[in-house]
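Chain identifiers are assigned alphabetically (A, B, ...) following the order of the sequence lines, protein sequences preceding nucleic acid strands; residue numbering begins at 1 within each chain. These numbers come from a predicted model, not from an experiment.
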Amino acid sequence: MKKLINDPADYVDEMLDGLCLAHPGLRRVGDDRRAIVHSVAMWPGKVGVVSGGGSGHLPLFTGYVGPGLLDACAIGNVFEGPTINSCQDAIAAADRGAGVLCLFGNYGGDRMNFEMASEFAALEGVETRTVLGTDDIASARPAEGHKRRGVAGLIFAYKAAGAMAEAGGDLDAVASIAQKVVDRTRTIGVALSSCQIPGAAGPNFTIADDEIEFGMGIHGEPGIWRHKIRPADELVDEMIAMLLAERPAGVSRVAVLVNSLGSTPFEELFILYRRAAQQLDAAGLTIVRPLIGPYVTSMEMGGASISLCFLDDEIEGLLAAPADCPFWKVG
Amino acid sequence: MKKLINDPADYVDEMLDGLCLAHPGLRRVGDDRRAIVHSVAMWPGKVGVVSGGGSGHLPLFTGYVGPGLLDACAIGNVFEGPTINSCQDAIAAADRGAGVLCLFGNYGGDRMNFEMASEFAALEGVETRTVLGTDDIASARPAEGHKRRGVAGLIFAYKAAGAMAEAGGDLDAVASIAQKVVDRTRTIGVALSSCQIPGAAGPNFTIADDEIEFGMGIHGEPGIWRHKIRPADELVDEMIAMLLAERPAGVSRVAVLVNSLGSTPFEELFILYRRAAQQLDAAGLTIVRPLIGPYVTSMEMGGASISLCFLDDEIEGLLAAPADCPFWKVG
Amino acid sequence: MAIDVHTLADAIERANRAMGGLTDQLNAADAKLGDGDTGTMLARLIGSFAAVDLQNAPDLGAGFMALAKTGAASTGSSLGTLIVTAMMTAGKASAGQDAIEWNGLSQILLAVRDAAMARGKAELGAKTIIDGLDALARAIAGKDDPAAIAAAAREAMDQALLEFRERPSAIGRARMFAEKSVGLDDPGMLALAEIVRAVTTNHSATALA
Amino acid sequence: MAIDVHTLADAIERANRAMGGLTDQLNAADAKLGDGDTGTMLARLIGSFAAVDLQNAPDLGAGFMALAKTGAASTGSSLGTLIVTAMMTAGKASAGQDAIEWNGLSQILLAVRDAAMARGKAELGAKTIIDGLDALARAIAGKDDPAAIAAAAREAMDQALLEFRERPSAIGRARMFAEKSVGLDDPGMLALAEIVRAVTTNHSATALA
Ligand SMILES: Nc1ncnc2c1ncn2[C@@H]1O[C@H](COP(=O)(O)OP(=O)(O)O)[C@@H](O)[C@H]1O
Ligand SMILES: Nc1ncnc2c1ncn2[C@@H]1O[C@H](COP(=O)(O)OP(=O)(O)O)[C@@H](O)[C@H]1O
Ligand SMILES: [Mg+2]
Ligand SMILES: [Mg+2]
Ligand SMILES: [Mg+2]
Ligand SMILES: [Mg+2]
């Protein structure tokens, strides 16, 4: 797999340099400069919202740093969690005396690193809370929902938590809205082709020319089941049915994200969205603020995911609040 | 090549339906509904700005319909020009009595179709002007600049023409700013891997695992020369040198677009941008409003292009004016 | 016996049938230096022509105009638009007439050639379908026997392909590869030659008669 | 003879040398159900440990803490963070001491095991590196001869791998594929076993001595 890169060892740092050059509102901080912050002044007493994860998922994670979204983000090597130190750097950068929410995907390494960083932060008097994204319905049964990993749906939690923090919510309020959004967000993805880690000898996985895989992880972890490739409408029907099986009672409005895992073009996303919109409409759900595009990727992986965030008035209001980062602008 | 689609014959129409469902500000018009318009009211007497081209290039062409950009856009099948009728539909939809600028890439078919449509429009009393995007420096020598084809740099002309029309410029003013931007915009692209037309038996072209191709057309037309793959910085240096060879005298500011042809991820674009920014800085050029992302694609084609728009005060002001379409929001 | 809407409908039906075998060949010719769609585009355009009810057109001019109208709604390719231009030109030339004489065909083809040159902004000699049209029109000038016209037409197209094969292209996508185009047929000219062959061969006399 | 910073430095150097041959094997084990990076991550972490100047550390506790600090700056993987936790735990247990006795090693490994369980929120029996640590700590309990400890350690790791191979994973990515994990080694436990082998084999007595 060809890539437009230099030495693979410089991939992440050159990428971050380019990101910050292109978006001068972002800055690299910390000893190894693996935490990203934005330069819009945070008022003293604002709760900080931070995230973190591996590289290779742009716009996730660092691309969502900006007013109304994340205040800081720790970033690791490709598909690796950020180091404990980078997590500390991000927490420290986001602290304005009112505590910091650590909001990231449910992966063991990321969780442990943020926990250790949080313990160090506590020693320095910074209070933290942790909320884990657990939207991938393919990764555990509903009864074990807390074991699910976090994928594309995490950005809805970013948006709501960021808006709550901007609105002056305290740490408990920010953490609890993030948790509420996580609890009401579900994602299912289907992969068509692999990505390759820069410098690796081969692709992360292989998949036959006529097959697709449901529930593939965003690092290329094996999926849950394979299918022969089928028409897009059939796939969407299957995906929407799985997502709606976990629809909370009384919900009539949803936010929708049809996400490219990387190389799947906009044209195909709109074909998927068309069917998803028809099916959600048939299920009596009104779509609010659909997002269609590459929002959470695995470099050049082929495929798409669909995320639903089941709304209530509070979440809907927070999703509509102004926010501004390199890849998502609201209001 | 796997695709998330239904019947290839429905590809374009389902894609357009999805686009308009996701962006209710857009609407399909015309007999075959292959012209896209936006629903923000155009004041009577505003000059219309229309474009058109084949499908498979999203966000180009239809994705740039919106206030401050295009008023309407004709769209053809994948990699085919729009029909004469679709061009007529777009012109008619954009007409508010002050004439319509037809602004599109320099391809024979598109030009002929818009010309025929313009002749029909003239019979109905609608005045038109044509400006052709000719930014691809790989497609002809500087002395034959008017024969060059249009690629990613076209969006700078959209932006300036759209802003001039919003500002109340008359048809001559809108056409002449579009022409000025075209005259000051240059693009060079490098392809790594092919795309495939939906329903086609195979990819549009083949390219060896260790080769890249300069000057590949956006429909997969053969490029101008092939290279062994090289480090990104070397490629960028070569590309920037080619672009700066046509730098007009006295220019100190440039708008930059580092564009993914499709499957090349954001990470690589930022690696390219980092080097491009260094080289432009070294050449004494200040970068204004860099754009990094998939702005003009060929479905899942791998590769990237770099476009420079050499600014003057007038163009810079117009690029900064408010505009809003599904893929590009300014102000 | 002259050229009327039935002659036109028959020619289109033959061309349409021939496209089955020609599509891939023409795509391949275009893929060498262009975007590889000449065959696909042409097959769709002629397919849409074949669906037009020509037999009930009020006159030959109206028949050509009906084809032009269908083409305008169904093709976006360079070649397609040149063909639409050709249909409009032929339609204007035969407006209100039930039929035209065989010896008038050359004149119409010359008008088509000129209209295509204007539309395509192409000179003679640029190695396009226009050079094929030019050769065709000149070869049949003054002839009024359908069989002789058919033979001259085929002969002219073979000659034109042969003559232009070794010359560089000066227009369209192939222009960028002028040197590489030496030795290759122009896809548009090749398409014209194959269609002329399909329309004139076998039952050629009756086909054009 | 006891465990001091030189013992520690020597063990790390051996482990570091062994990683050359282990990286691909551990990546392959992880790729079966995980993301295939256990070897790469571990090689980088141990490489960063090897670059720490342990010989000049003021005492053993400080040596462990220096490793923890380096690890915190250089790894983001689950296994890496558990190893950082282990270094911090060992550092706390040996704080201010120049050396610890061989018969104190088991106690420290038990503390490490418990700290890793707390950090990883993992139970014993979940088929992770922690079960390896547990087996190791228990096998060398009460022993004070380095050679005997080395032999018992290797033996315990072989046993643990064997015992857990046929059991399902209950944690981490492999959890999602609990059934598929039967018959496979846990990459973290395998890593521990191979490192124990590398550190204790050949010049094993001197290595730990
Ligand atoms: N400007 C032009 N003038 C005359 N003929 C042209 C022109 N452009 C294209 N052609 C003819 O059309 C052919 C290409 O047709 P086609 O592949 O259908 O169009 P496209 O270039 O739009 O893909 C060429 O081989 C040439 O004969
Ligand atoms: N929560 C946990 N508790 C205990 N051990 C764990 C835990 N998570 C992972 N491990 C151990 O780490 C190994 C995986 O390490 P590695 O591949 O480096 O991490 P990652 O999962 O971050 O890619 C597993 O085989 C297991 O032994
Ligand atoms: Mg990992
Ligand atoms: Mg074409
Ligand atoms: Mg073509
Ligand atoms: Mg792993």
Side-chain angles (χ1 to χ4, degrees), chain B residues 9 30-32 34 52-56 74-89 106-117 119-120 136 138-141 144 146-149 197 199-206 215-224 298, chain C residues 23-24 27-28 30-42 44-45 48 68-89 115-122 126 128-130 169-181 184 187-188:
Chain B
D31 274 349
D32 52 5
R34 288 291 184 87
S55 291
I75 183 97
N77 288 322
V78 175
F79 292 2
E80 286 177 42
T83 66
I84 297 165
N85 284 5
S86 300
C87 296
Q88 279 182 260
D89 292 334
N106 183 27
Y107 294 93
D110 298 2
R111 181 183 58 70
M112 291 189 245
N113 290 346
F114 267 109
E115 271 182 19
M116 290 185 75
E119 289 168 19
F120 288 118
D136 183 7
S139 57
R141 282 162 300 140
E144 299 203 300
H146 64 287
K147 291 190 177 173
R148 287 175 172 170
R149 61 192 170 197
I197 293 178
N204 273 37
F205 59 91
T206 54
M216 171 85 54
I218 59 172
H219 312 100
E221 306 94 322
I224 310 301
S298 298
Chain C
T23 302
D24 289 349
N27 282 345
D30 189 33
K32 295 238 167 70
L33 300 174
D35 60 352
D37 61 359
T38 305
T40 307
M41 301 294 97
L42 197 60
R44 202 173 42 209
L45 179 61
S48 77
K69 197 165 167 237
T70 295
S74 67
T75 183
S77 76
S78 313
L79 189 59
T81 301
L82 290 171
I83 294 173
V84 171
T85 303
M87 295 304 153
M88 290 178 95
T89 307
M117 284 174 67
R119 176 61 63 215
K121 300 211 199 323
T128 69
I129 189 170
I130 293 172
S169 290
I171 213 133
R173 299 202 169 108
R175 166 188 57 75
M176 289 182 252
F177 313 95
E179 280 154 47
K180 289 196 216 167
S181 69
L184 301 177

Requested in this report: Identify the residue among E115(B), M116(B), R111(B) that makes a side chain to side chain contact (heavy atoms under 4.5 Å, CB included) with T81(C).
Outcome: M116(B)
Report task. Quick one: which of R44(C), K180(C), M88(C) has the most heavy-atom pairs under 4.5 Å with chain B, could you say? Result -> R44(C)
Report task. Let me know if D31(B) has heavy atoms under 4.5 Å from chain C in its side chain, its backbone, both or neither. Result -> neither
Report task. Show your reasoning for whether side-chain contact (heavy atoms from CB on, under 4.5 Å) applies to H219(B) and D37(C). Result -> CA-CA 10 Å; H219(B) 312 100; D37(C) 61 359; over 6 Å; no
Query raised in the report: Rounded to the nearest 0.5 Å, how far apart are CD1 of I84(B) and NZ of K69(C)?
Result: 13.0 Å
Report task. Counting only heavy atoms closer than 4.5 Å, note whether R34(B) contacts chain C via side chain, backbone, both or neither. Result -> neither
Query raised in the report: What's the shortest heavy-atom distance between G109(B) and S78(C), and which atoms?
Result: N-OG, 3.2 Å
Report task. Could you tell me which non-hydrogen atom of N85(B) sits nearest to which non-hydrogen atom of A73(C), and how far apart they are? Result -> ND2-CB, 3.1 Å
**Report entry** Contact origin within F114(B) toward chain C - heavy atom pairs under 4.5 Å
**Finding:** neither
Query - Spatial distance of atom CG (D35(C)) from atom CG (N204(B)) [nearest 0.5 Å] - result: 8.5 Å
**Report entry** Portion of K32(C) that has a non-hydrogen atom of chain B nearer than 4.5 angstrom
**Finding:** backbone
**Report entry** Contacts of T83(B) that satisfy side chain to side chain donor-acceptor pair (under 3.5 Å) - sequence neighbours left out
**Finding:** S86(B)
Query raised in the report: Of all of G108(B), P82(B), G30(B), which one pairs up most often with chain C through heavy atoms under 4.5 Å apart?
Result: P82(B)
Query raised in the report: In terms of heavy-atom proximity below 4.5 Å to chain C, should D32(B) be classed as side chain, backbone, both, or neither?
Result: side chain
